[in-house]
Amino acid sequence: VGISTSKSSGYLSMSRDEVKNFIDVIHASNALIVCYQSKPLLQLAMVSGINPDFKYFDLAQAHFILNPEYRHDLETISEEFLGRKVIDAAEGQRDLFSAENEEELKTLCEKAEIILELHTYLRTKMKEFGVERAYDELDIPLIKVLAKMELEGVALDVSFYKNLEIEFSKQVEEIEKEVKKVAGDKINLRSPKQVGELLFEKLQMPVIRKTKTGYSTDAEVLSELAAMKISPIPEYLLKFREIEKLLSTYVKSLPQMVN
């Protein structure tokens with residue numbers, strides 16, 4: 001794990017069994033711990049049986065409260081405030097204990113230095129924009145609550161979701177049948193191209209907007225067309241997409257997360 005202080009930076013090479021001792025030292029130090037994201041550290045303390053009541057500063061959350069519309073990765077924050085690029089020696093998301101070679105260890109140390117340096121900039125900016133109190137009194141305590149919630153998880157009624165999947169799948173089939181009755185042919189409702197051709201060429205509905213690749217069939221366009229009451233197809237499409245999103249995002253995926 002990369003570590004930086006006001007005087008030097010380096011890394012600690014630890015097995016996962018040694019993490020508890022590391023957390024104990026942090027807990028007893030009474031120092032402010034500056035992290036890019038504090039949740040992993042808080043959760044490490046929690047699973048080690050330690051109440052994480054140490055002081056911490058969450059860099060990503062500080063950047064979010066300052067620039068909610070921006071990306072909040074360390075590379076973006078570093079370039080924005082320090083003009084420094086952070087290059088990962090390894091691709092993909094890495095956890096606190098994943099450095100495997102000298103280049104990755106060097107990157108860990110560099111990131112630790114940048115995180116510590118950014119703390120001063122972000123703290124000053126929060127004070128300047130008048131959001132420091134919201135950060136200290138709302139955001140920081142909430143991160144700990146979220147860390148506990150993620151560790152605890154939620155109870156999921158898997159059989160309910162299985163039945164819901166069957167019910168939603170039937171509704172999708174019914175919508176596809178109704179669209180086929182109006183269209184005369186089977187249409188792939190997941191294909192914007194085929195949907196556009198059906199609405200604006202076969203049914204001759206007014207073109208609301210075009211994109212670089214053809215007709216726009218987004219929710220806003222479909223809502224406008226549905227309000228015209230020219231055809232029931234736009235309403236069917238809106239319902240179809242709503243159910244499909246529920247199926248893919250929640251109904252099918254959540255039961256797979258149960259462990």
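Remember, it's a predicted structure, so these values are computed and weren't measured experimentally.
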Are Thr217 and Arg209 close enough that a side-chain donor and a side-chain acceptor fall under 3.5 Å? no
Taking atom types as modelled, find out whether Gln61 and His72 have a side-chain donor-acceptor pair closer than 3.5 angstrom. no
Any side-chain heavy-atom pair of [X] and [Y] under 4.5 Å:
| X | Y | value |
| --- | --- | --- |
| Val195 | Phe200 | no |
| Ser231 | Met205 | yes |
| Val207 | Tyr215 | yes |
| Asp73 | Tyr36 | yes |
| Leu41 | Ile26 | yes |
| Ile175 | Ile243 | yes |
| Leu222 | Arg241 | yes |
| Asp185 | Lys180 | no |

Flag, side chain of [X] to backbone of [Y], donor-acceptor distance under 3.5 Å:
| X | Y | answer |
| --- | --- | --- |
| Gln204 | Glu201 | yes |
| Gln194 | Ile187 | no |
| Ser169 | Glu165 | yes |
| Lys144 | Pro52 | yes |
| Lys202 | Ala183 | yes |
| Ser48 | Ile50 | no |
| Asn67 | Glu69 | no |

Would you name the heavy atoms of [X] and [Y] that are closest together and state the gap between them?
| X | Y | result |
| --- | --- | --- |
| Met228 | Pro206 | SD-CG, 3.6 Å |
| Val251 | Pro255 | O-CD, 3.2 Å |
| Ala226 | Pro234 | N-CB, 3.7 Å |
| Leu203 | Leu199 | CB-O, 3.5 Å |
| Ser159 | Asp157 | OG-OD1, 2.8 Å |

Any chance you could lay out the side chain to side chain contact (heavy atoms under 4.5 Å, CB included) test for Leu225 and Leu237, step after step, and finish with the verdict? CA-CA 11 Å; Leu225 294 173; Leu237 290 168; over 6 Å; no
Going by side chain to side chain contact (heavy atoms under 4.5 Å, CB included), name the residues that satisfy it together with Glu244, two or more places apart in sequence or in a different chain. Val172, Arg190, Phe240, Leu247
What's the spacing between [X] [atom1] and [Y] [atom2] if we round to 0.5 Å?
| X | Y | atom1 | atom2 | result |
| --- | --- | --- | --- | --- |
| Met126 | Asp136 | CE | CG | 6.5 Å |
| Ser38 | Ile140 | OG | CD1 | 5.5 Å |
| Glu224 | Ile208 | CD | CD1 | 4.5 Å |
| Glu132 | Arg123 | CD | CZ | 4.5 Å |
| Tyr56 | Gln37 | OH | CD | 13.0 Å |
| Leu138 | Ile65 | CG | CD1 | 7.5 Å |

More than 12 foreign heavy atoms under 6.0 Å from CZ of Phe81: is that the case here? yes
Counting only heavy atoms from other residues, nucleotides and ligands, does the tally under 6.0 Å from CD of Glu152 exceed 12? no
Are [X] and [Y] joined in one hydrophobic group, where the rule is that I, L, V, M, F, W and Y side chains link up if heavy atoms are under 4.5 Å apart?
| X | Y | answer |
| --- | --- | --- |
| Leu122 | Leu142 | no |
| Tyr70 | Val131 | no |
| Val154 | Leu164 | no |
| Val145 | Ile33 | no |
| Phe22 | Val25 | no |

Is there a side chain to side chain contact (heavy atoms under 4.5 Å, CB included) between Gln43 and Lys148? Walk through the geometry before answering. CA-CA 7 Å; Gln43 289 172 335; Lys148 289 180 182 178; over 6 Å; no
Tell me whether the centres of the aromatic rings in Tyr135 and Phe64 are closer together than 6.0 Å. no
Take Tyr236 and Glu176 through the side chain to side chain contact (heavy atoms under 4.5 Å, CB included) test and state the conclusion after the steps. CA-CA 8 Å; Tyr236 287 143; Glu176 288 174 330; over 6 Å; no
Do Ile115 and His119 pass the side chain to side chain contact (heavy atoms under 4.5 Å, CB included) test, and can you show the C-alpha distance, the side-chain angles, and the key distance before you say yes or no? CA-CA 6 Å; Ile115 288 168; His119 165 249; over 6 Å; no
Indicate the ring-plane relationship of His27 and Phe54, choosing parallel, tilted or perpendicular according to the 30° and 60° boundaries. perpendicular
